[in-house]
Amino acid sequence: MKYIDLRNQYILERTVGSGGFAKVKLATHVLTGEKVAIKIMKKATLGEDLPRVKLEINALKHISHQHICKLFQVIETSSHIFMVIEYCPGGELLDHIVERQRLGEKESRAFFRQILSAVAYLHHLGYAHRDLKPVSVLLFILTLKQRAKLLPNVISTIQPHFPSSLFILS
C-alpha cells in the first residue's frame, strides 16, 4: 500500500476522481466494511493554498446536512492530508444527465430542490459553495430514489459585508 498511514483503517481500491490538487480513491473501512471516498492531497502540491484547505476542513467538521457529503475523518501527516468522505455510488449528476440526454421535469425539480436545500443550509451557517455545477453534485441511490449530495470540497466563508445574494455560484 502506497499510503502507509491508512493501512490499518482503510483498504484502498480504485481511483474515482482526480483534480489539480487531489486524487480521490474508493476505500473500505476495515472495521465496519463501509465504502468511503478518500480525498488525498499532497501538502507540497497545495503550496499557498494549504491554509485555505485547512480552513475549509475546519468548516466541514461542523456541517451536517442530508444533501451534503459528510466528512467522516481527516488524517494529516507531514506530507499528506486525507479527507475521508461519504461515498456516493450513483456518480456525478453530470454523468447522469449525459447518460439520459436530458432529465424530466419531475426529476429535475427533485434534484434542484435538494441542491437548493443544501445551499440554503450553507448560507445559513455563513458559508458558500464556490464551485456549484453538475460535477460537484453526486448521486446517492436509495432503493428507487436518488438523492443529490453536494461535494463539500469548495466551501468558503461568506464575507459579512457582502449580502449572500451577491455570490454567483457557477
Side-chain angles (χ1 to χ4, degrees), residues 1-95 114-115 117-140 147-160 164 167-170:
M1 172 182 268
K2 185 176 178 182
Y3 303 105
I4 198 157
D5 302 297
L6 301 175
R7 177 181 58 210
N8 296 326
Q9 296 180 58
Y10 299 96
I11 299 168
L12 290 181
E13 299 175 27
R14 62 185 163 85
T15 300
V16 293
S18 62
F21 293 114
K23 181 184 331 184
V24 180
K25 295 245 183 213
L26 175 62
T28 303
H29 188 263
V30 172
L31 294 177
T32 65
E34 184 175 358
K35 297 283 187 192
V36 295
I38 300 181
K39 183 176 182 177
I40 303 167
M41 296 174 279
K42 283 185 181 178
K43 288 181 175 179
T45 305
L46 292 172
E48 293 180 6
D49 286 321
L50 182 59
R52 180 189 53 79
V53 169
K54 287 188 174 192
L55 281 173
E56 287 181 5
I57 289 170
N58 191 45
L60 292 173
K61 289 178 182 179
H62 305 288
I63 291 174
S64 180
H65 188 275
Q66 65 180 346
H67 297 298
I68 299 174
C69 292
K70 181 75 178 148
L71 174 67
F72 293 129
Q73 181 180 13
V74 177
I75 301 168
E76 185 173 352
T77 68
S78 59
S79 61
H80 288 84
I81 296 175
F82 303 94
M83 293 174 61
V84 182
I85 302 169
E86 177 180 15
Y87 174 61
C88 295
E92 295 175 357
L93 177 59
L94 179 63
D95 292 336
Q114 293 168 6
I115 293 165
S117 173
V119 170
Y121 171 79
L122 290 173
H123 285 194
H124 176 74
L125 294 179
Y127 300 112
H129 193 290
R130 295 183 289 116
D131 196 26
L132 194 57
K133 57 190 176 188
V135 296
S136 298
V137 178
L138 298 180
L139 300 179
F140 192 88
R147 179 182 295 164
K149 289 190 169 258
L150 291 183
L151 275 172
N153 55 343
V154 283
I155 306 297
S156 67
T157 304
I158 295 176
Q159 299 301 317
S164 60
F167 281 83
I168 299 171
L169 305 172
S170 61

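Quick note: residue numbers are just sequence positions, from 1. These numbers come from the heavy atoms of this one structure, side chains and all, not from hydrogens, waters or symmetry mates.
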Side chain to side chain donor-acceptor pair (under 3.5 Å) with E86: of K70, K149, K35, only one passes, and it is K149
Residues pairing under ring pair (Phe, Tyr, Trp, His ring centres under 6.0 Å) where one sits in residues 14-48, two or more places apart or in two chains, turn out to be Y10-H29
Here the ring pair (Phe, Tyr, Trp, His ring centres under 6.0 Å) pairs for residues 37-57, sequence neighbours left out, are none
From [atom1] ([X]) to [atom2] ([Y]), nearest 0.5 Å:
| X | Y | atom1 | atom2 | result |
| --- | --- | --- | --- | --- |
| K23 | T45 | NZ | OG1 | 10.5 Å |
| I85 | K39 | CD1 | NZ | 6.0 Å |
| Y87 | E34 | OH | CD | 12.5 Å |
| Q114 | L93 | CD | CG | 10.0 Å |
| T28 | L12 | OG1 | CG | 9.0 Å |

Between side-chain atoms of residues 57-68 and protein atoms elsewhere (two or more places apart, or another chain), which donor-acceptor pairs fall under 3.5 Å?
residue	atom	partner	partner atom	Å
H65	ND1	H67	N	2.9
H65	NE2	S117	OG	3.1
H67	ND1	A148	O	2.9

Can you name the closest pair of heavy atoms from [X] and [Y] and give their distance?
| X | Y | answer |
| --- | --- | --- |
| P89 | F140 | CD-CD1, 4.0 Å |
| V135 | L151 | O-CD1, 3.8 Å |
| P51 | G47 | CD-O, 4.3 Å |
| A27 | E13 | C-OE2, 4.1 Å |

When you compare the side chain of [Y] with that of [X], does any pair of heavy atoms fall below 4.5 Å?
| X | Y | value |
| --- | --- | --- |
| E92 | L138 | yes |
| V74 | I81 | yes |
| L150 | V119 | yes |

- Item | Polar side-chain atom of K43 near backbone of T77 as donor-acceptor pair, under 3.5 Å | yes
